[in-house]
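In what follows, every chain begins at residue 1, and chains take the letters A, B, ... in the order their sequences are listed.
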Amino acid sequence: MPELPEVETVRRGLAPVMEGARILRVELRRADLRFPFPDSFVNRLTGWRIAAADRRAKYLLFHLTSGETLIIHLGMTGRFIVEAEELDGKPGAFDHLLTNIPAHDHVVFHIDGPDGVAKVTYNDVRRFGFMDLIETDKLADSTHFAEMGPEPLTNSFSGASLSDALHGRNAPVKQALLDQRVIAGLGNIYVCEALHRAGISPKRKAKSVVGKRAERLAPAIRDILTEAIRAGGSTLKDYAGADGALGYFQHDFKVYDRAGQECGACSQPIKRIVQSGRSTFYCSSCQR
DNA sequence: CGATTAACCTGGAAGC
DNA sequence: TGCTTCCAGGTTAATC
C-alpha cells in the first residue's frame, strides 16, 4: 500500500506495537521478495529491540538497538497483519481481526512488545516489496536514500525548492513528480490529485513549473498528503487485517480513477491519458 | 545526462 | 462457464 500517506498510516499503526519490542524470532519463508534478503537477515534481527518506527518517503525504518535499521518497502501490495500470540491457548486480542490469512505471508516477526507477545506478518502478493538492513549511521548515504529528494512535509520543501528540482527537465511534470529524486514519497494517486488542486496540466513541461505555478504546486502537494494522512490513506482494495491502513481518502479523490465523471470544480468530464505507461487523470479545463 | 520501455509478479475485473 | 486481455498504489535495468 504504497504512497507516502499509506506508508505513514502503516507506521502509525505499527509503532505502538513495535516500538520497544524485542524480536524473539523471525520466520523467513523465502529467500527474496523483489530483491534477496540481506545476508544473515534472521540472525541480525533476532534478540534485538526495536527502538523506533520511522519513515522516509515510502520506506518504513525500524531502528534496532544493534545499530542497524530494518528497511522495509511495501512495493505495490505489501501489508502487515498484527495478531496477539496465543502462548497459552487463550484467544488473542486481535483474533477478531483474523479472517483467512492468504498464501503470501513471506516474513513473520514474533515480538515481545508493550502489549505482550505478538506476531507481525508481512504479506505481499506481488512481491514488489523488499527488506534491507543498513547501519543506522549510514542510512542517508545508502543506495536507497543517497539521491532521494526532500520530504514534502518538511520545511526544506517549498515552491522555490520544487522549481529548482524541476529545472531543466523537459519531461511532463507528471512524470517528474513521480521521480523520487525530485520529491520523495509521491506516487500516481497523489501526483494526479496535487496537479489538479494546483490547476496544472500533467502534460506541462516540468521546467515550466516555476514562479506562481510552483508556489501553488508545493502547498497543493503538502495539503493533499496531510489530508490523506489524516484520513488514514487511501484503500483501493479492502484488506482484512490489522495493518492500520483502512483509509478513506479514496472518497476524496477529485480526479484519480474518475475518468468520464464530472470535475467537481467545472463539471467537465475527467480525462484519462497514459504517460510513460501509467494512467494520468486530470481535468483539461481546470488544469493548464 | 535525460527520457522511454520493458520487466519484475499475482490476481481481479472486463470482454468475448 | 471459461478463456483472454487489460489493469493495478512501485521501482529498476536496459535501451535510445
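As judged by a 4.0 angstrom heavy-atom cut-off over every strand, Phe35(A) is placed among residues touching the sugar-phosphate backbone only. At the heavy-atom level, Gly187(A) lies under 4.0 Å from the strands shown only through sugar-phosphate atoms. Using a 4.0 Å heavy-atom cutoff across all strands shown, Gln175(A) reaches at least one base atom of the nucleic acid.
Look at Lys58(A) and you'll find a side-chain N or O under 4.0 angstrom from OP1 or OP2 of dG10(C). Proximity of Arg278(A) to the phosphate of dC7(C): no side-chain N or O atom is located under 4.0 Å from OP1 or OP2. The phosphate of dG2(B) (OP1 or OP2) has no side-chain N or O of Asn170(A) nearer than 4.0 angstrom.
Of all heavy-atom pairs between Ile229(A) and Thr9(A), the closest is O-OG1, 4.4 Å.
Against DNA chain C, the stretch residues 191-199 of chain A makes no heavy-atom approach under 4.0 Å.
To the nearest whole angstrom, the two C1' atoms, one in dT11(C) and one in dG12(B), are 23 Å apart. Nucleotides dC9(B) and dC3(C) are separated by 24 Å at their P atoms, to the nearest Å.
Using bins of under 30°, 30° to 60° and over 60° for the plane-to-plane angle, the ring pair Tyr122(A)/His106(A) lands in the tilted bin.
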key: Sugar-phosphate or base contact per nucleotide [nucleotides 8-15 of chain B; S, B, -; heavy atom under 4.0 Å]   = BBBS----
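Distance alone, capped at 3.5 Å, is enough to place a donor-acceptor pair between the Gln250(A) side chain and the Thr235(A) backbone. Distance alone, capped at 3.5 Å, places no donor-acceptor pair between the Arg258(A) side chain and the Lys271(A) backbone. At distances below 3.5 Å, at least one donor-acceptor pair connects side-chain atoms of Arg204(A) with backbone N or O atoms of Arg288(A).
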query = If you write DNA chain B from 5' to 3' in dot-bracket form, with Watson-Crick or G-U pairs under 3.5 Å, [ ] for crossing pairs and | for pairs with another strand, what do you get?
reply = .|||||||.|||||||
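Residue Glu135(A) places its CD atom among 12 or fewer non-hydrogen atoms of other residues, nucleotides or ligands, all under 6.0 Å distant.
Residues Tyr59(A) and His144(A) place their aromatic rings such that the two centres sit under 6.0 Å apart.
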